[in-house]
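These numbers come from the heavy atoms of this one structure, side chains and all, not from hydrogens, waters or symmetry mates. Note that the coordinates shown come from a computational prediction; the quantities given were computed from them, not determined experimentally. We count ligands from 1, going down the list as the structure has it; atoms in each ligand are counted the same way.
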Amino acid sequence: MSNIISDLQGKALLAPLAGVTNLPFRLVARRLGCSLCFTEMISANGLIRESAQTLEYLKTSPEDRPLGVQLFGADPRVMARAAAMVAGQNPALIDINMGCPVKKVIKTGSGAVLMKDPLLAGRIIANVVRAANLPVTVKIRSGWSQGSINAVEIAKIAEDSGAAAIIVHGRTADQGFSGSADWDIIGRVKSAVRIPVVGNGDIRKPGDALRMLAQTGCDAVMVGRGALGNPWIFQGIRQLLAGEKDCRHLSWSDRQEIVKQHWEEEVRYCGRHFADRSFRKHLLWYTKGLAGSARLRETLGKMTDSDAMRSEVERYFRSLAAAQAEIMT
Ligand SMILES: Cc1cc2nc3c(=O)[nH]c(=O)nc-3n(C[C@H](O)[C@H](O)[C@H](O)COP(=O)(O)O)c2cc1C
């Protein structure tokens with residue numbers, strides 16, 4: 001039977017990441033082999049009020065396909081109205097956020113707190129499925145807390161309510177991002193439902209994706225923090241899935257080119273003023289742990305002119321390439 005997740009070309013998805021997975025970052029990830037990208041979580045309430053800031057999160061382009069739009073909300077009717085609005089834009093799927101543990105979200109009754117109310121969770125999913133007329137996925141945690149692990153129960157409810165797939169982040173909500181992700185729960189969900197299961201949590205290197213697929217039997221993997229400053233992780237996963245023994249390392253000049261294109265895209269889609277600020281975090285991620293990056297960060301921190309920043313970053317990558325060439329001669 002046709003299914004949005006099992007029919008994908010490839011098996012690695014980019015996670016919804018608030019403040020990060022905007023259109024420019026998604027385009028970069030796609031060029032490097034990501035199979036499906038998600039918007040960051042979008043407030044259903046904000047959407048139906050047509051708040052300009054919320055509508056901004058829906059910004060997309062013809063190359064930004066297939067796209068999952070993630071919604072959060074607690075009222076089944078509001079979620080249905082928001083889903084119908086989003087469906088008008090024709091994304092590949094709508095995802096429902098039932099995993100966010102952030103106070104601002106859970107105090108509205110949305111996100112991970114819905115795992116404590118399976119009945120309401122089911123009503124929300126059924127309403128969104130009915131209103132969207134598109135595949136609907138649900139992103140959950142392993143449970144609210146260690147004492148209430150109920151991912152299997154919620155996954156079954158999602159399946160019965162018409163969800164097309166379930167995405168499991170193997171941490172409890174009260175764990176936040178601490179500790180390590182429990183991949184066993186992903187395997188347990190996979191054994192309990194017939195719809196595809198996407199595993200999520202702690203994929204930092206391409207090899208981790210293959211381990212998660214093998215260990216849990218999940219149908220696809222979702223990469224979050226492991227893609228920050230490292231979008232070529234998707235290329236590595238593709239190479240390993242294609243049977244290559246090791247994934248090829250990118251040259252410094254290839255990395256520099258990716259950073260340059262990402263930055264240009266950020267300016268094109270967000271405007272120069274916004275990009276000058278928003279791209280700084282990507283620069284920190286792109287250079288994290290590299291030789292001399294602390295000094296680069298210090299220098300960039302004092303700079304306000306983005307052309308000068310660009311030249312500094314280019315000079316930095318050229319110096320890395322030169323140092324490597326010296327080692328190899
Ligand atoms: C900065 C940041 C923003 C996030 N924003 C979202 C979000 O908008 N929606 C969501 O479902 N999860 C969000 N998450 C959780 C990730 O999608 C993912 O489930 C989590 O980071 C675990 O995967 P990882 O170990 O690959 O990072 C966010 C995580 C981070 C670090």
Side-chain angles (χ1 to χ4, degrees), residues 11-23 25-26 29 34 36-44 46-47 53-54 56-58 67-73 79 93-106 108 110-115 121 124 136-143 151 154 158 163 165-183 185-186 189 197-213 216 218 220-231 233-234 236-237 278 280-282 284-285 288:
K11 287 185 182 296
L13 283 47
L14 175 65
L17 298 168
V20 182
T21 51
N22 62 357
L23 175 60
F25 190 62
R26 298 196 299 264
C34 175
L36 170 68
C37 294
F38 289 78
T39 63
E40 64 181 84
M41 57 181 167
I42 302 178
S43 155
L47 265 187
Q53 205 190 338
T54 308
E56 190 67 15
Y57 297 135
L58 286 176
L67 178 67
V69 173
Q70 192 189 60
L71 296 178
F72 73 94
M79 285 291 276
L93 64 89
I94 292 179
D95 181 68
I96 305 175
N97 182 321
M98 294 197 180
C100 181
V102 171
K103 237 192 213 132
K104 204 171 81 183
V105 170
I106 58 172
T108 67
S110 326
V113 79
L114 286 168
M115 293 194 71
I124 290 175
V136 172
T137 60
V138 186
K139 183 164 177 280
I140 62 174
R141 292 239 173 182
S142 50
I154 300 288
I166 188 103
I167 303 163
V168 186
H169 175 194
R171 278 189 180 82
T172 58
D174 72 353
Q175 243 185 307
F177 292 94
S178 65
S180 47
D182 169 18
W183 289 3
I185 189 72
I186 301 170
V189 170
V197 173
V198 179
N200 171 236
D202 296 352
I203 294 179
R204 299 303 183 122
K205 296 188 298 294
D208 298 337
L210 268 77
R211 276 199 306 115
M212 183 188 272
L213 286 163
T216 69
C218 65
V221 297
M222 174 180 268
V223 185
R225 291 162 298 168
L228 301 178
N230 187 35
I233 189 171
F234 293 105
I237 295 172
S278 64
R280 282 178 186 267
K281 61 179 179 291
H282 290 287
L284 297 188
W285 289 323
K288 195 173 160 199

S.K.: Is the shortest side-chain heavy-atom distance between Arg141 and Thr172 below 4.5 Å?
M.R.: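 No, their side chains stay 4.5 Å or more apart.
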S.K.: Provide, to 0.1 Å, the distance between atom 9 (N) of ligand 1 and the closest protein heavy atom, together with that atom's residue and name.
M.R.: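 Going by distance alone, atom 9 (N) of ligand 1 is nearest to Gln70 OE1, 2.8 Å.
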S.K.: Can you find an N or O of Pro16 that's nearer than 3.5 Å to an N or O of ligand 1?
M.R.: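 It does: an N or O of Pro16 is found under 3.5 Å from an N or O of ligand 1.
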S.K.: State if Gly99 counts as touching ligand 1 under the rule of any non-hydrogen atom under 4.0 Å.
M.R.: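 Distance cut 4.0 Å: Gly99 fails for ligand 1.
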S.K.: Any N or O of Val20 that comes nearer than 3.5 Å to an N or O of ligand 1?
M.R.: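 The answer is no, given that Val20 and ligand 1 share no N or O pair closer than 3.5 Å.
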S.K.: Could you find the nearest protein heavy atom to atom 18 (C) of ligand 1 and give me its residue, atom name and distance?
M.R.: Asn200 OD1, 3.3 Å
S.K.: Nearest to atom 20 (C) of ligand 1, what protein heavy atom do you find, and at what distance?
M.R.: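 Closest protein heavy atom to atom 20 (C) of ligand 1: Phe177 CE2, 3.5 Å.
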S.K.: Please examine the side chains of Met41 and Val105, heavy atoms only from C-beta on, and report whether any two atoms are closer than 4.5 Å.
M.R.: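 Val105 reaches Met41 side chain to side chain.
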S.K.: If we only consider heavy atoms of Phe72, is any one of them less than 4.0 Å away from an atom in ligand 1?
M.R.: no
S.K.: Are the side chain of Gln70 and the backbone N or O of Asp95 linked by a donor-acceptor pair below 3.5 Å?
M.R.: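 No; zero donor-acceptor contacts below 3.5 Å.
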S.K.: Is any side-chain heavy atom of Asp208 closer than 4.5 Å to a side-chain heavy atom of Asp202?
M.R.: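 SC-SC contact between Asp208 and Asp202 ruled out.
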S.K.: Distance under 4.0 Å to a non-hydrogen atom of Arg225: what atoms of ligand 1 satisfy this?
M.R.: 21 (O), 24 (P), 25 (O), 26 (O), 27 (O), 31 (C)
S.K.: Under the criterion side-chain contact (heavy atoms from CB on, under 4.5 Å), which of Asn97, Asn200, Ile96, Val168 is the partner of Lys139?
M.R.: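 Of the listed options, the one satisfying the test is Asn200.
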S.K.: Looking only at distances, please establish whether an N/O atom of ligand 1 is found under 3.5 Å from an N/O atom of Gly224.
M.R.: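 Checking ligand 1 against Gly224, an N or O pair does fall under 3.5 Å apart.
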S.K.: Does the N or O separation between Glu40 and ligand 1 drop below 3.5 Å for any pair?
M.R.: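 No; every N/O pair is 3.5 Å or more apart.
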S.K.: Going from CE on Met222 to CZ on Phe38, what distance comes out if it is rounded to the nearest 0.5 angstrom?
M.R.: 4.0 Å
S.K.: Considering only heavy atoms from C-beta outward, does the side chain of Leu13 approach that of Cys37 to under 4.5 Å?
M.R.: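 Side chain of Leu13 against side chain of Cys37, heavy atoms only: no contact under 4.5 Å found.
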S.K.: Which protein non-hydrogen atom lies closest to atom 5 (N) of ligand 1, naming both residue and atom, and how far is it?
M.R.: Ala18 N, 2.8 Å
S.K.: Can you sort out the partners of Asn230 under side-chain hydrogen bond (donor to acceptor under 3.5 Å, both in side chains), two or more places apart, ordered by chain and number?
M.R.: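 Expected list: Trp232.
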S.K.: Using a 4.0 Å cutoff against the non-hydrogen atoms of Asp202, which atoms of ligand 1 qualify?
M.R.: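 Listed by number with element: 24 (P), 25 (O), 26 (O).
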S.K.: Give me the residue, atom name and distance of the protein heavy atom closest to atom 30 (C) of ligand 1.
M.R.: Leu17 CD2, 3.6 Å
S.K.: For the residue pair Thr216 and Trp183, establish whether any side-chain heavy-atom pair is separated by less than 4.5 Å.
M.R.: yes
S.K.: Using only atom types and a distance under 3.5 Å, with no angle test, would you say the side chain of Arg171 pairs donor to acceptor with the backbone of Gly179?
M.R.: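 Answer holds: yes.
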S.K.: Among His169, Lys139, Arg204, which one has a heavy atom closest to atom 16 (C) of ligand 1?
M.R.: Lys139
S.K.: State whether the shortest distance between N or O atoms of Ala15 and N or O atoms of ligand 1 falls below 3.5 angstrom.
M.R.: no
S.K.: Would you mind running through ligand 1 and noting each atom that sits below 4.0 Å from a heavy atom of Asn97?
M.R.: 9 (N), 10 (C), 11 (O)
